[in-house]
Amino acid sequence: MNSNTIRQAFLDFFERKGHRIVSASSLVPETDSTLLFTNAGMVQFKDIFTGQATPEFSCAASAQPCVRAGGKHNDLDNVGYTSRHHTLFEMLGNFSFGEYFKREAIGYAWEFVTQVLAIDPQRLWVTVHESDDEAAGYWLKDIGLKPERLIRLGDESNFWAMGPTGPCGPCSEIFYDHGERVTGGPPGSADEDGDRYVEIWNLVFMQYERKPDGSRVALPKPCVDTGMGLERVTAVMQGVYDNYDTDLFVPLTLQLGTTCRATTAHPRTNGGLVRGEPSEEQHLSMRVVADHIRSIAFLIADSVYPDREGRGYVLRRIIRRALRHCRKLSDAGALMAEMLPVLIDSLGEAYPRLRTAEKVIRQTLAREEELFGNTLEQGLKRLSGFLEQKSDESATLPGQLVFELYDTFGFPPDLTADIAREQGLNLAMDEFEQAMQAQKDRARSASRFAGKDNEHPNVDISTQFTGYSQSQDTACVQKLYQKAGGLLCEVSELKAGEGMVVLDKTPFYAEAGGQIGDSGWLTWEQGRFRVERTNARNQSCIHYGRIEQGCLRTETRVSAAIDNERRQRIRANHSATHLLHAALRKLLGERVEQKGSLVGDQHLRFDFSHDAPLTRAQCRELEDMVNAEIRRDSPVVTEIMGFDEARARGALALFGEKYARQVRVLTMGEGFSMELCGGTHVRQTGDIDLFRITSESGIAANVRRIEAVTGEAARAWTQQQDSAVHELQSLLQAKPEHLLDKARSLRQQNKALQKSLDKQGKRLAVQLASTLAEQADQFGEAHSLVTQVGVSNKKVLMGILDDLKSRLNPAVLVLAGGDGEKVSLVANVNKRLTSRVKANELVQQAGELMGTRGGGKANMAEAGGGD
Ligand code: SER
């Protein structure tokens with residue numbers, strides 16, 4: 001059986017047993033911010049296990065790609081060195097949500113393994129949790145497993161948890177014995193880490209949920225979560241014990257070998273591959289690359305892009321580790337790109353998203369390779385320089401060096417560790433952490449004055465928001481806060497100055513989900529409080545502002561009124577943001593994902609994943625689509641419904657965002673846009689009036705930003721553009737239709753002028769140099785010229801210096817140019833003389849006298865400014 005047949009046989013088997021076949025979820029856990037990546041088949045069902053969501057089915061089965069790199073369950077360091085660890089693997093799983101429990105789970109697993117896969121029961125071993133007599137009983141009595149094949153183990157191996165929080169429970173694992181040809185002992189024995197006994201299937205009996213405070217509570221219903229590693233089972237079925245020898249990896253390594261042979265420019269350093277049989281070291285590198293290309297491709301297909309932090313950083317680490325191993329195999333680049341078609345050929349049917357994303361994967365890899373290519377070379381040089389000079393026999397790389405490699409050359413520490421491992425060295429991670437901390441402290445002290453306000457009161461009152469339908473409401477003051485001597489204090493009255501107010505209910509929208517808060521007034525008999533901004537804290541809305549009149553006490557009833565015109569502008573911008581989001585997905589494809597947004601009263605900003613700048617024409621098309629919806633003047637409909645129903649209807653939700661069980665769903669146009677949203681919106685799309693994009697830019701790798709305006713602001717912006725065109729007309733003395741030609745021809749003229757100026761400068765430099773050369777002093781064969789010239793243009797000054805260099809050889813040359821205001825100083829020392837005179841030292845000494853600043857190297861230096 002090949003891997004594709006095994007996967008299908010598994011799904012078919014459980015479908016016959018009444019399970020719903022669910023497609024794999026994204027590697028980015030959709031509604032779970034506690035997890036870095038989907039690391040098990042059960043992740044997409046987490047809320048069902050904990051009772052927060054109710055599915056339409058009571059048991060399910062899936063094939064789920066999982067990434068175990070970074071975070072809990074991190075296998076990255078082992079990959080390549082063992083026969084069965086991977087950054088990405090596929091997990092085949094069946095799940096029961098209260099439908100069945102231990103007995104059936106064990107029965108199904110045994111039936112599938114021994115009958116469908118027809119694995120010899122003599123080769124199977126089983127573990128159970130030491131406390132789990134029930135599961136042990138089923139194995140011995142129902143299945144008839146020999147008691148010597150059943151091993152009881154503790155929490156470490158037989159208690160499974162998704163992450164620091166979430167569902168968990170005792171488990172029972174099935175092991176396959178590869179036989180005596182492989183070394184290793186049965187589970188629980190001293191040499192269990194060997195490759196002989198391999199865990200192929202883990203049956204977890206989900207019974208608890210681990211809470212953030214570490215406590216464990218019972219799940220509403222006992223559930224089952226099983227996971228079988230496709231790569232390992234495939235190895236068993238194909239009669240090999242090394243996953244890399246299965247049909248999941250062999251085509252990849254073969255392709256890699258072929259490309260290396262074809263592209264290697266230096267057969268000497270790559271003899272093994274060129275002659276056919278890779279060396280052990282090359283073998284390891286090929287495994288690493290074959291493994292990593294899989295996780296790289298799947299992650300990018302799920303819209304994870306290389307980044308400095310978070311998920312993107314894990315991807316970057318994987319790519320960089322792979323690139324280093326590629327470099328060891330061949331000095332040509334782009335090895336992984338050649339493997340992509342092979343990967344897609346084998347997995348594209350089961351995971352069509354790989355096929356759709358092929359171009360993006362290719363581009364992302366190429367960009368990352370370009371980014372890292374140079375520094376990789378330099379960093380490796382720096383490292384080998386250190387290793388050559390290392391005089392003592394210590395087996396540790398200093399943390400400072402690890403930090404330098406990280407900070408200057410972009411080497412993630414695990415990449416450095418990977419290299420160090422080949423040399424038998426460890427990393428001084430404590431020292432590295434200290435260096436990192438020191439850098440963070442420096443950054444923090446540099447931003448201390450950025451004026452960030454972290455001083456929000458910690459209130460636990462929940463404020464009812466009445467502002468969806470009202471702009472004014474009557475409310476009762478619950479809590480008041482004021483700063484005294486720099487400290488935030490709860491007070492019973494606000495007499496004057498700045499303060500914070502918490503009400504029982506309010507029409508003020510508390511800043512959240514990218515929408516800024518409202519401003520307005522709280523008024524009461526003989527008093528007024530100006531609300532400047534608001535913020536959400538826990539469930540409460542905090543009104544920040546100042547007393548303008550009177551004194552405000554707790555328990556006072558106030559009239560709370562928002563600045564309605566401002567709110568109208570915010571509404572229009574928020575609704576336009578939804579229309580823009582929908583238009584982007586229609587124009588660029590469903591892969592476009594929101595990465596952030598800001599809805600203000602003056603403008604809106606929308607960040608999204610996309611791998612290339614938008615063209616002018618695309619921006620125009622977006623504007624047209626949004627404006628067409630505005631002209632259609634369709635009603636904006638809000639509905640409250642269950643999260644699952646909303647998702648089923650196709651409402652967009654943000655990745656990583658936590659949603660309540662009941663959500664607000666906002667629809668505009670006939671299905672044009674449907675999103676989960678708690679913000680405030682216009683009633684009809686026509687209220688937005690006009691939408692104009694003011695800028696499009698890139699803010700990070702593969703993240704674009706659109707800024708736009710609506711309504712009055714859009715009209716004002718359009719008029720400004722018009723005025724600019726009018727002014728240009730009179731400035732350039734041209735009609736609108738000739739403006740562009742005129743500007744182009746001016747630019748050309750300017751270039752030509754600059755060219756002729758440069759030419760004259762050069763001629764002047766040569767003339768000057770020939771006169772100056774005669775003034776040089778001579779010491780033996782060396783010349784020296786230190787002089788002042790009446791030229792301030794750096795380019796000309798450099799031209800003179802260049803000319804002098806060829807006339808006086810070897811020489812020490814120092815030229816000071818100036819225009820009466822500032823000094824330009826350039827120094828050049830022929831390499832043959834730098835052991836005695838250094839240009840940078842000359843410049844520095846001159847600087848002490850003249851107040852100039854600058855520097856350089858022993859042969860060339862420059863400075864400027866001064867007296
Ligand atoms: N969640 C368990 C595991 O990952 C079984 O699916 O091993």
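One-based numbering, in listed order, for ligands and for the atoms of each.
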Just which atoms of ligand 1 are under 4.0 Å from any heavy atom in Arg68? 4 (O)

Would one find more than 12 heavy atoms of other residues, nucleotides or ligands at under 6.0 Å from atom NE2 of His283? no

Quick check on contacts: which atoms of ligand 1 are under 4.0 angstrom from a heavy atom of Thr226? 5 (C), 6 (O)

Quick one: nearest non-hydrogen protein atom to atom 7 (O) of ligand 1, plus distance? Asn202 ND2, 2.9 Å

Where's the contact between Val204 and ligand 1, heavy-atom distance under 4.0 Å: side chain, backbone, both or neither? side chain

In plain terms, say whether Asp195 and Arg232 are close enough for a salt bridge, that is, a side-chain N and a carboxylate O under 4.0 Å apart. no

Numbered atoms and elements of ligand 1 in range of Met42, under 4.0 angstrom, heavy atoms: 1 (N)

How far is atom 1 (N) of ligand 1 from its nearest protein heavy atom, and which residue and atom is that? Asp225 OD2, 2.7 Å

Residue part near ligand 1, for Leu203, under 4.0 Å between non-hydrogen atoms: neither

If you take the centroid of each ring, where Trp contributes its six-membered ring, are Phe411 and Tyr406 closer together than 6.0 Å? no

Under 4.0 Å from a heavy atom of Met91: which atoms of ligand 1 are those, numbered in the order shown and with their elements? 3 (C), 4 (O), 6 (O), 7 (O)

Ala40 heavy atoms, cut-off 4.0 Å: which ligand 1 atoms fall inside? 1 (N), 4 (O)

Check this for me: does any side-chain nitrogen of one of Arg316 and Glu368 sit under 4.0 Å from a carboxylate oxygen of the other? yes

Give the atoms of ligand 1, by number and element, whose distance to some non-hydrogen atom of Gly227 is under 4.0 Å. 5 (C), 6 (O)

With sequence neighbours excluded, what pairs up with Phe608 under the ring pair (Phe, Tyr, Trp, His ring centres under 6.0 Å) test? none

How are the rings of Phe249 and Tyr244 set relative to one another: parallel (under 30°), tilted (30 to 60°) or perpendicular (over 60°)? tilted

Salt bridge (Lys or Arg N to Asp or Glu O under 4.0 Å) partners of Glu422, counting only residues at least two apart: Arg324, Lys328

